[in-house]
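Only one structure is covered here, and it is reproduced in the block below.
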Amino acid sequence: MEPIKKDAKSNPSATANLFSQVFFWWLNPLFRIGSKRRLEEDDMYKVLPEDGSKRLGEELQSYWDQEVEKATKELRTPKLTKAIIRCYWRSYAVLGVFTLIEEVIKVIQPVFLGKLIQYFERSEPDNMAALYEAYGYAAGISLSALGLALLHHLYFYHVQRAGMKIRIAMCHMIYKKALCLSATAMGQTTTGQIVNLLSNDVNKFDELTIFLHYLWMGPLQAAAVIGLLWQEVGASCLAGIAVLIFLMPLQTMFGKLFSKYRSKTAAFTDSRIRTMNEVVSGIRIIKMYAWEKPFAALVNDVRRKEISKIMSSSYLRGLNMASFFTANKIILFVTFTVYVLVGNKISASRVFVVVSLYSAIRLTVTLFFPAAIEKVSESVISIRRIKKFLLLDELVKSHVPLTQEDKKEVSVEIQDLICYWDKSIDAPTLQNVSFTVKPGQLLAVIGPVGAGKSSLLSTVLGELPAEKGVVKVKGELTYIYIYIYINFSYFLPKFLVIIKAYILANRKEYLRAVLFDFATYLLLSVGFRAVYQDADIYLLDDPLSAVDAEVGRHLFEQCICGILKDKPRILVTHQLQYLKAANQILVLKEGHMVARGTYSELLRSGVDFTSLLKKDEEEEGEKGEAPRSPRSRTLSQNSVRSHSSSVLSVKDESDQLPAEPVHTVAEETRTEGTIGLHMYWKYFRAGANVLMLILLVLLNLLAQLDFSSSNISSTIGTNGTFGTNTTQELNLDFYLGIYAGLTGATVIFGFMRFLIMFNALVNSAETLHNRMFNSILRTPVRFFDINPIGRILNRFAKDIGHLDSLLPWTFVDFIQVFLQIIGVIAVASSVIPWILIPVIPLLIAFLFLRRYFLRTSRDVKRIESTTRSPVFSHLSSSLQGLWTIRAFKAEERFQQTFDAHQDLHSEAWFLFLTTSRWFAVRLDGMCSVFVTITAFGCLLLKDSMKAGDVGLALSYAVTLMGMFQWGVRQSAEVENLMTSVERVVEYTELESEAPWETQKRPPPDWPNRGLITFDRVNFSYSSDGPVVLKNISAMFRPREKVGIVGRTGAGKSSLISALFRLMEPEGKILVDGVLTSEIGLHDLRQKMSIIPQDPVLFTGTMRKNLDPFSQHSDHDLWNALKEVQLKAAVEELPAKLETELAESGSNFSVGQRQLVCLARAILRKNRILIIDEATANVDPRTDELIQKTIRAKFKECTVLTIAHRLNTIIDSDRILVLDAGRIHEYDAPHVLLQNQNGIFYKMVQQTGKAEAASLLQTAKQVSRALHIAVKSLYGSLVIFETAL
């Protein structure tokens, strides 16, 4: 396997010494590089061995397997929580020691502070013993500050890494499970849900581990603080504790409510991402149908419900933060009011000890403890969702190793097979099927749509388990089918060489043509991967439909019947010419085996397999109308197909870019430098108008003003003490009145500002999501060709997830802390001006350090975002190609690739964690220096200092220590999270296609004739791409049948793209005299119907799939279904038209989906209909039915048939032959066949003598009929494309 990233640097933390580990010194070289230039992926360090995805995943998997085994024995449901705890409890419990020491220091520090202030209260300048003792207390304060700085960040680093490990292990397990899902399980989950598990649910572990230890630490610390408070203020402390005790259950209730909203939000997010997945996958069809508006309504509806839950949980967060913000003020107010009213005297030392103790406990009890409850609640929901996924049914495959004897007897044997896709349906998928295929034999499987042909292959593969009967497969299998799955990053480079060598060695003239055709290119690469692999048994699910007749015949003769002639082969096909080469033919109908035998045996037996496949003209010598050879077919499927759980389109339009065989995937953009102020302005303006923003600024300032003013410390600092005596009664009432008023105002303004800010920021997230979605809908198709689906989904999953919850919380927290820092400095400097002396250099150093840090941090965060996308892309593409991966037994290789993607992301995430800690340790270290200077400075200036001043200076220095670094770090975190806003805003400003509606509207009945004129049209898929249609001038007259042919890459599909204006063509295209470039895209596209070559259905009801605008009555819908022979199938559905379809309509076979697309066209009653290889996915009988329906329903139509297969268009009035984007010839088929130098004549001759004679006969008949027929110039127009 090729590495995802080459030559990663070895990780210096593995060899760093203790000092370097504590201070994160080993990161200095990275910061030096980051300060000079933009960081790239190559600058990242290799992931540590103990953090490797494979190692972590397998470790947790083993515990989970043990838990499942144990639960099965004990007849209970397995608990994922148990497996996680058993795997990680030891390493995580050790980290509890860090927390314990840290919280003990937090409780001891206020005691030192109180003792130091008491020295100033006693005021004994000559007592040297007391002075030395005071120096001891000052040293105690300094050392505890330093200890906190180091311990806190070491603890955080290790708990965050513990969370990262659980997340990585969980992702490994989820992906491993996804590779093993059975078909039934795939019906119970969706790609959107699995992407959401990987993008949002697993992230809860990152947050959970940070706070979990506070569940036991909170109550323990509270008990210790209550003891110390009792010593200071006696029973009065109970009043404050009562408020604290009231807050704890309140916040616990908030936590529970939060988890309730979280689980509802997750369900809506799943639904939104699933819908987005379908929209992005089917965007070409959505644009051609002009269905953007109903899809926008669908996404907006889900998003509105999601946002209502996010808003509720954000209000809860706001209340939580507001109660945290105001709790300290309320507690102090209650404590001191009670203390004074019962007749006690307040001293500076007492006040500052109480304030400091409450500050120490407040953080744990009102922030970390509720956060722990909230995170535990969220994680329980996520674990439940992940467990439900991990317990889905797996595909059980028996891997019996082959002996040497068995290898000689490679075979497939099936006897009396009965199997079900869905046991709730009475009728089995397959019944009474028996056959044996031995080496050198080719078994052809034929039958109508839904007969069970692909299901038979899936039984051989082991994807569909047998209910009864015998299935013996001796040998290694390989599987090739037309819905090509390829993992770009791995296979494309390797197989280009093989493609050229094998099929194109002697066909130089085809080299260019085949490489133009992306689908053919992929098919050949998959085919030759199979040949190259040299398996024992080959299962071929109609792999030749994607190529033209000549390449198909060559592949069949040289590859299937050449290189593979000694192997057992099972070929599902509809193509008559291949049947004679088969040793056996198996005829299926409705899951039954109708007949089995050789071609001649079946003809002699009288079995009516001619109704399934028409007889060969040459063999039977039947007279009359020349037969139409069966169209190619793609893949019919019964019930849920695992590989179609996601229609992530890997192949592209056939003849897109001559000079570029493949749309090269553009590298994900990554901006550089700081996030500009204009980005913040865009973010705020998305959620609130200017007046609201001014109101928010005022509210924040008022809340902070009250907060600072209500600080009783300032009163104490100036007055020294106050208490009760007769002369001060009025004064006391006055002070308490003001204090109560300010505390009340703080509470009111505090709650108001939090709720309004959260409202504005969540509104921003909603607005930006809607803008991004609308921008995606309006951008040209080219954008989706060059951007993988994982990258687009990443913006809608992860980045929008950040905007919804993480960014509002971080932003509000940052603003609150920032204002508090300003308030603290303002109050402190008003009382003690000299405190500004150390503050100013400290501030300058902080800002310098922040700037230095952010240069590296921003790049690390951006790399982390871009290395996340491949994880989602790999998951999505793996789900799409599940059958192929399993058939090639490539699960292990794909798991390794997933682990490599995870490791690359872990490298970035590890740097993100450690760089944050590097920064925080330095900030807190500088703050502890500030505390030391203040403590010893007070002692040096002891003669001029009052006790109140010392208390204020020191308590503020200690408060600033945590707050300053938290504020600076939160500002950096806001800037990091703003990269998500930047990425979303980038997608809101994508290039837009022409407007949907313009001032110039065509007449209501337009087009009423169906005359299309191309006048000197040039067409390219991108402004700098090659021109694929060159100077096309042609007229298609009303009611005329025109066939359009050409070799692969000639420009046939580009003609449709130009007509639909998927990119803007140069020149003029007129429809009934109206210039298409002058009208809106919806006016144009709604007047043309298309039945696409890939039949796309969307999640939603059958009614919505047929008629998303609700323009038709039930009678019309049933009539359309009846016309396409689907009425019976829909009537059998549980809720008929209201039945919800599975993701991508996977509970219908491909043939049935194609018929649904035909029903859409019938309903639209447009004059222009494009049928893009509509009959490729159906058997000849259904094909005939479609032809009859088209002739009856569109009999007034001009028909443009774009085809690879010549019998589809040989009865056209005229044929347009394209070659390399130019018109080569254009005339009646009979006339073209007279020109022996023409491309068309050569194409006919390449089909073989019998077929060529048949085609010539048909052309003559049409020519005679044309002389008799009377042409009318009125009617409608069908463009009939059957090419890739």
Side-chain angles (χ1 to χ4, degrees), residues 1-60 88 91-92 94-95 98 150 153-172 202 205-206 209-210 670 852-868 870-871 896-922 976:
M1 191 192 78
E2 287 184 11
I4 300 296
K5 183 169 88 87
K6 296 172 178 62
D7 306 327
K9 296 178 182 175
S10 61
N11 199 320
S13 78
T15 53
N17 58 39
L18 184 65
F19 178 79
S20 181
Q21 292 275 15
V22 170
F23 289 96
F24 298 94
W25 216 255
W26 54 270
L27 274 170
N28 289 353
L30 184 81
F31 277 98
R32 277 197 290 277
I33 296 169
S35 66
K36 289 171 188 162
R37 63 168 172 83
R38 175 173 130 153
L39 287 179
E40 301 296 340
E41 279 182 22
D42 295 341
D43 295 312
M44 295 195 301
Y45 301 129
K46 201 179 288 180
V47 75
L48 289 168
E50 61 268 30
D51 294 343
S53 175
K54 185 173 189 283
R55 177 171 169 174
L56 290 170
E58 286 173 355
E59 185 185 14
L60 184 57
Y88 294 106
S91 56
Y92 190 69
V94 172
L95 300 175
F98 279 98
L150 298 180
H153 300 299
L154 267 179
Y155 166 74
F156 256 66
Y157 161 61
H158 284 291
V159 288
Q160 282 184 296
R161 204 166 137 213
M164 175 182 94
K165 284 179 175 178
I166 301 174
R167 170 173 54 77
I168 293 167
M170 218 41 116
C171 288
H172 174 98
V202 294
F205 299 113
D206 281 316
T209 51
I210 296 173
R670 187 155 70 83
Y852 183 71
F853 163 73
L854 272 179
R855 278 184 197 149
T856 302
S857 168
R858 252 195 316 268
D859 280 344
V860 167
K861 186 65 182 163
R862 282 173 186 152
I863 291 171
E864 189 270 320
S865 293
T866 50
T867 54
R868 200 190 313 118
V871 177
Q896 285 170 6
T897 309
F898 179 79
D899 288 337
H901 283 307
Q902 277 240 97
D903 287 344
L904 183 63
H905 178 250
S906 298
E907 288 172 15
W909 184 257
F910 178 76
L911 280 185
F912 175 61
L913 293 187
T914 50
T915 49
S916 301
R917 294 297 133 206
W918 178 94
F919 183 49
V921 163
R922 276 148 188 74
N976 280 332

Which residues satisfy the side chain to side chain contact (heavy atoms under 4.5 Å, CB included) test with [X], sequence neighbours excluded?
X      : result
Ala16  : Ser20, Gln21, Trp26
Glu50  : Leu48, Arg55, Arg161, Lys165
Leu95  : Tyr92, Phe98, Tyr155, His158, Val159, His213
Asp206 : Met164, Arg167, Asn203, Trp909

Seminar exercise, completed: Tyr88 meets the ring-ring contact (aromatic ring centres under 6.0 Å, His included) criterion, sequence neighbours left out, with none
For this session: State which residues pass ring-ring contact (aromatic ring centres under 6.0 Å, His included) with Phe205; sequence neighbours excluded, sorted by chain then number.
Result: none
Exercise. Does some side-chain heavy atom of Ile168 sit less than 4.5 Å from a side-chain heavy atom of Ser906?
Worked result: yes
Exercise. Side-chain contact, heavy-atom cut-off 4.5 Å: Glu40 with Asp43?
Worked result: yes
Exercise. Is the side chain of Thr915 donor-acceptor paired with the backbone N or O of Leu911 at a distance under 3.5 Å, no angle test?
Worked result: yes
Exercise. Quick check: does any side chain N or O of Asn11 sit under 3.5 Å from a backbone N or O of Val47, one acting as donor and the other as acceptor?
Worked result: no
Taking all non-hydrogen atoms of both residues, which atom of [X] and which atom of [Y] are closest, and how far apart?
X      : Y      : value
Leu56  : Ala169 : O-CB, 3.5 Å
Ser35  : Tyr852 : CB-CE1, 3.6 Å
Leu30  : Tyr45  : CB-OH, 3.6 Å
Asp859 : Arg38  : OD2-CA, 3.3 Å
Thr867 : Ala908 : OG1-CB, 3.9 Å

What residues, two or more places apart in sequence or in another chain, satisfy side chain to side chain donor-acceptor pair (under 3.5 Å) together with [X]?
X      : result
Ser53  : Asp899, Gln902
Glu59  : none
Arg32  : none
His905 : Glu864

Kindly compute the distance separating [atom1] ([X]) from [atom2] ([Y]), expressed to the nearest 0.5 Å.
X      : Y      : atom1 : atom2 : result
Leu904 : Met44  : CG    : CE    : 4.5 Å
Asp903 : Lys46  : CG    : NZ    : 11.0 Å
Ser916 : Tyr157 : OG    : OH    : 12.0 Å

For this session: Give the C-alpha distance, both sets of side-chain angles, the deciding distance and a yes or no for side-chain contact (heavy atoms from CB on, under 4.5 Å) between Arg917 and Leu27.
Result: CA-CA 10 Å; Arg917 294 297 133 206; Leu27 274 170; over 6 Å; no
Problem set entry | Worked check of side-chain contact (heavy atoms from CB on, under 4.5 Å) between Glu58 and His172 | CA-CA 8 Å; Glu58 286 173 355; His172 174 98; 4.3 Å; yes
Seminar exercise, completed: Per ring pair (Phe, Tyr, Trp, His ring centres under 6.0 Å), Trp918 is matched among Phe31, Phe24, Phe912 by Phe31
Problem set entry | side-chain contact (heavy atoms from CB on, under 4.5 Å) between Phe910 and Ser13, worked out | CA-CA 11 Å; Phe910 178 76; Ser13 78; 3.8 Å; yes
